[in-house]
Amino acid sequence: MDANSYQAEQQRVNRIIDQLNNKINKTKRDYQKANQELKNVQQNYVSNTSINLSETDDLMESRAEIQQQRALASRDIESASIIKKQLNTYQTLKKSPYFGRIDIQDADEDTPEKLYIGTASLIDNDQHFLIFDWRAPIASVYYNGVLGQVAYDTPAGHQSTNLKRKRQFLIRNGKIDNMFDTNETVGDKMLQYELGQKNDQVMHNIVSTIQKKQNTIIRDTDHDLLVVQGAAGSGKTSAILQRIAFLMYHSRDSLNVSQIVLFSPNRLFSHYISDVLPSLGEKNMRQVTLSEFLSYRFEGLDVQNVFDRYETENKLSDDEIAVRNFKNGLDFMKQIKNYCSNLTSDQLAFNNILFDGRIFFSKNEIHNIYRQLPMAMMPADKFLKTKNALIKLLKRRIKIEAKKDWAAKEVDSLSSTQVEQILLKAHRKFLSEDDERSFVTNKLVKERLRIVYDAIYNDDFFDPYVQYLRFLKNGVNLPKNITESAWKVANHKFNQKLELHQLLLDDAVPLLYLRNIMCGDGINHDIKYLFVDEMQDYSIAQLLYLKFAFPNAKLNLIGDSEQALFKNVENPQTALNKLKRAFNSSHAKLITLNRSYRSTYPITTFAKSLLPDGKNIQAFHRPGNVPKIIIRPNSNSAIKTLIEQINKMLKHQETVAIITKNLSETKMVYSYIRPQMKATILSNTDRSLPKGVLILPVYLAKGLEFDGVIAWDVSENNYNQSQLLGILYTIATRAMHELTLLSVGPVSSLITHSHINSHEIKIDRKLNEK
């Protein structure tokens with residue numbers, strides 16, 4: 001790039017920063033003014049909070065004044081929040097106003113038009129765009145187009161233009177560090193710089209380096225089922241987060257962030273991605289793990305989480321694995337739905353509703369109400385009708401109970417002040433003292449019988465656990481690979497766990513599905529987009545239930561079948577076909593990302609050599625050290641070597657992760673190295689990711705990346721089953737810059753049988769060391 005071009009572009013950056021400084025100063029004044037107005041309203045609110053309780057009219061007037069003050073305060077808070085958000089945007093743009101420029105020429109124009117692309121729009125006083133938001137329709141030309149005739153979609157329809165130039169910038173604190181013209185989607189120079197940085201505790205947005213396939217994911221608005229399958233480090237999660245930011249921009253009038261839910265693999269990951277959307281001027285969507293989601297819905301029960309299930313995986317017998325796979329499959333969920341649809345009143349597990357230790361509504365009464373409803377009616381509709389009938393009966397019973405002696409005694413025990421407070425809440429005048437007493441009595445009885453109302457409202461008259469057990473015993477058509485005796489053992493285990501207030505993950509989703517079908521609860525119609533990361537660790541049953549629980553949501557599933565914890569590698573198209581059948585989806589799309597960016601070229605080359613179809617993964621050409629395998633004869637020798645390797649890595653890397661197969665290994669390694677160096681052991685309750693030396697099991701490393709990684713004990717003794725191949729691949733692909741594999745004894749055949757060439761890895765053997 002010649003000096004004149006640099007100078008001209010830097011001068012434009014300087015002009016933009018001058019305009020931003022002006023806008024920042026004005027916005028700061030507006031923000032101060034908004035805060036002062038809010039302060040004034042709050043002061044008025046405090047002075048108007050005294051309420052005159054002597055007269056009902058005075059009470060009503062005082063409440064109206066308070067409501068008015070609250071509305072004013074709410075409006076000013078919102079105004080201040082909008083101004084603050086704009087100020088943050090200007091301050092962010094000031095550091096790096098934009099990262100791209102495109103020169104386009106429409107067919108009816110004589111000269112090209114220069115457009116600059118950044119993280120947010122900037123408009124001058126004459127309403128001319130100085131910077132276009134990366135989500136604007138025209139910006140897709142920057143991400144998708146190569147020089148020449150290009151097309152892009154707009155709200156007005158399909159448009160075409162001639163792309164004459166594409167220029168990329170690296171701007172830091174208002175200074176152009178680098179710029180270059182390219183014909184690529186995003187040039188490798190930009191990627192080389194961004195990917196060569198040290199790991200932070202949080203993920204950053206990738207708007208300056210979005211690739212063409214990632215852009216397709218981000219801007220998709222047509223499909224109700226979008227499945228993204230990507231190699232480790234291919235930027236699939238980053239693309240999904242930019243997609244959420246795009247959807248918020250694209251559908252600003254019809255979509256708010258509370259209508260988006262992301263299921264993340266663990267709390268560490270939730271924290272790791274928490275800065276991406278705020279850096280783009282958007283609020284974070286709701287995030288939840290599957291374990292948190294289920295625990296909330298089974299309050300009072302200890303629901304097995306994904307990590308506990310993983311820890312017990314190698315202890316299961318063949319029969320237990322067969323039962324588990326069946327319960328996690330589509331056929332089992334279909335049988336539950338069919339079972340619920342055909343239940344008669346006599347087959348339902350109804351409970352008595354109690355009040356003060358006595359039966360208030362008997363289960364026979366509830367059976368009779370349910371029995372009278374049409375057979376063709378859906379179970380959830382029957383439950384609603386039953387609940388409404390019980391509430392009507394409750395209202396009648398309130399009148400009866402109000403005439404009983406206990407109610408009169410309750411009223412007589414009240415002080416005059418308590419009676420006055422109850423009467424004030426009525427907001428009406430009373431005709432006589434008897435009228436007042438009748439009102440107070442009914443109010444007290446309603447409060448006492450609130451426990452009955454809550455029992456009806458919360459479906460406490462139905463026992464889903466008993467119903468599920470009845471289904472397991474009498475309603476299931478077993479597949480041929482499961483014997484009756486194995487099924488009985490599984491049912492006994494379910495019952496035994498339940499008595500201890502515990503619930504296995506394999507039963508949690510089917511049980512919840514049964515309860516929701518019957519009662520009609522647990523359904524959220526407001527959610528419009530549902531994202532599930534690490535989808536390969538979800539069963540079809542779990543994904544089907546999530547779709548059932550969020551029926552109006554477009555489903556976005558993100559994962560890598562090569563990194564599965566609980567099952568063997570599955571072809572992405574096979575997975576999509578299963579999902580389409582399960583969800584009955586007619587608008588489904590599969591996008592695969594095969595180019596890996598996270599790791600250096602040598603690390604990715606080694607990692608993909610572990611996989612049978614690893615040749616499909618493309619390694620990004622970022623240089624680095626070749627990974628190495630170090631073989632030691634015993635644990636003592638291996639620990640000594642581990643400490644040596646950690647110290648070597650820390651000379652060049654800020655974060656070194658020792659990743660183990662399971663939690664017991666994590667604790668063992670930590671106990672050995674902690675006396676000799678500062679280290680942090682991570683568990684599934686941790687929410688943040690510190691720098692330094694970290695020790696964690698592989699399932700907590702999902703979605704994360706580290707400067708250097710040491711894989712603990714990749715021996716044949718520890719990794720001797722084919723389904724563990726995904727675990728090894730996951731560990732290897734967490735490393736950005738440096739990877740070492742430590743083996744206690746001979747190396748796993750899963751590694752030695754792979755297509756590893758001598759130039760892909762260094763091997764240090766000391767099998768005879770004492």
Side-chain angles (χ1 to χ4, degrees), residues 217 220-229 240 243-244 247 255 258-265 285-298 303 306 325-341 378-380 464 505-559 561 566-567 570 572-591:
I217 295 166
D220 183 273
T221 56
D222 298 327
H223 298 94
D224 57 8
L225 174 59
L226 180 64
V227 178
V228 178
Q229 280 285 306
I240 285 301
R243 169 167 170 72
I244 293 171
L247 291 171
L255 179 69
S258 66
Q259 295 172 309
I260 302 173
V261 174
L262 169 65
F263 277 77
S264 59
M285 69 276 128
R286 289 193 242 175
Q287 289 189 66
V288 66
T289 66
L290 180 64
S291 299
E292 289 169 339
F293 178 80
L294 294 174
S295 295
Y296 176 78
R297 278 155 179 75
F298 288 110
V303 183
V306 176
N325 291 341
F326 175 51
K327 286 185 175 180
N328 281 285
L330 178 60
D331 181 56
F332 189 63
M333 296 292 274
K334 284 182 175 179
Q335 289 195 40
I336 289 175
K337 186 176 181 180
N338 185 60
Y339 171 78
C340 291
S341 299
M378 297 295 289
L505 182 59
D506 298 331
D507 287 305
V509 163
L511 172 55
L512 196 55
Y513 188 51
L514 179 146
R515 187 178 85 184
N516 292 164
I517 289 175
M518 293 303 302
C519 302
D521 63 348
I523 312 299
N524 189 325
H525 295 276
D526 295 330
I527 300 302
K528 294 185 177 180
Y529 285 92
L530 180 66
F531 293 83
V532 178
D533 207 349
E534 303 293 348
M535 63 162 285
Q536 72 276 1
D537 293 332
Y538 287 71
S539 67
I540 284 288
Q542 290 164 356
L543 293 173
L544 181 66
Y545 175 75
L546 291 181
K547 180 57 180 171
F548 171 81
F550 303 99
N552 296 329
K554 290 186 176 181
L555 206 55
N556 299 254
L557 307 178
I558 312 100
S561 62
F566 303 107
K567 52 191 175 186
E570 186 173 53
Q573 187 60 51
T574 301
L576 178 68
N577 292 338
K578 284 183 180 179
L579 292 168
K580 284 172 68 175
R581 288 195 299 272
F583 301 147
N584 195 26
S585 174
S586 57
H587 295 88
K589 185 177 181 67
L590 169 67
I591 299 177

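None of these values were measured; they are calculated from a predicted model.
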Minimum-distance pair of heavy atoms, taken over all atoms of [X] and [Y]:
{"X": "I217", "Y": "L226", "result": "O-CD2, 4.2 Å"}
{"X": "Y538", "Y": "S264", "result": "OH-O, 4.4 Å"}
{"X": "I260", "Y": "I527", "result": "N-CD1, 4.4 Å"}
{"X": "A541", "Y": "G329", "result": "CB-O, 4.1 Å"}
{"X": "F293", "Y": "V288", "result": "N-CG2, 3.7 Å"}
{"X": "P464", "Y": "L514", "result": "O-CD2, 4.1 Å"}

Pairwise side-chain contact, [X] with [Y], heavy-atom cut-off 4.5 Å (strictly under):
{"X": "I558", "Y": "Q229", "answer": "no"}
{"X": "K589", "Y": "L225", "answer": "no"}
{"X": "F548", "Y": "I523", "answer": "yes"}
{"X": "T289", "Y": "P265", "answer": "no"}
{"X": "L543", "Y": "L579", "answer": "yes"}
{"X": "Q287", "Y": "V261", "answer": "no"}
{"X": "L247", "Y": "K528", "answer": "no"}
{"X": "I540", "Y": "N328", "answer": "no"}

Exercise. So, is the end of the R515 side chain (NZ or CZ) under 6.0 Å from the ring centre of Y513 and within 45° of the ring's axis?
Worked result: no
Exercise. Are F263 and F531 close enough that their ring centres sit under 6.0 Å apart?
Worked result: no
Can you tell me how far apart [atom1] ([X]) and [atom2] ([Y]) are? Round to the nearest 0.5 Å.
{"X": "L590", "Y": "L557", "atom1": "CG", "atom2": "CG", "answer": "10.5 Å"}
{"X": "S539", "Y": "N325", "atom1": "OG", "atom2": "CG", "answer": "9.5 Å"}
{"X": "K334", "Y": "L544", "atom1": "NZ", "atom2": "CG", "answer": "9.0 Å"}
{"X": "Y529", "Y": "R243", "atom1": "OH", "atom2": "CZ", "answer": "6.0 Å"}

Exercise. When you look at N552 and D526, which way does the side chain to side chain contact (heavy atoms under 4.5 Å, CB included) test go after all the steps?
Worked result: CA-CA 7 Å; N552 296 329; D526 295 330; over 6 Å; no
Problem set entry | Any donor-acceptor pair under 3.5 Å from R286 side chain to L262 backbone | no
Problem set entry | Donor-acceptor contact below 3.5 Å, side chain D224 vs main chain K554 |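 The answer is no, because no donor-acceptor pair under 3.5 Å joins these two groups.
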Exercise. In terms of side-chain geometry, is the basic nitrogen of K327 or D507 positioned less than 4.0 Å from the acidic oxygen of its partner?
Worked result: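 D507 and K327: salt-bridged.
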Exercise. When you look at CG of D222, are more than 12 heavy atoms from neighbouring residues, nucleotides or ligands closer to it than 6.0 Å?
Worked result: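 Counting neighbours around CG of D222, more than 12 heavy atoms of other residues, nucleotides or ligands fall under 6.0 Å, so yes.
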Exercise. Yes or no on side chain to side chain contact (heavy atoms under 4.5 Å, CB included) for L546 and Q542, after CA distance, side-chain angles and deciding distance?
Worked result: CA-CA 6 Å; L546 291 181; Q542 290 164 356; 5.7 Å; no
For this session: Report the C-alpha distance between K547 and L530 in whole Å, list the side-chain angles of each, state the deciding distance to 0.1 Å, and finish with yes or no for side chain to side chain contact (heavy atoms under 4.5 Å, CB included).
Result: CA-CA 8 Å; K547 180 57 180 171; L530 180 66; over 6 Å; no
Problem set entry | Stepwise side chain to side chain contact (heavy atoms under 4.5 Å, CB included) check, M333 with Y545 | CA-CA 9 Å; M333 296 292 274; Y545 175 75; 4.2 Å; yes
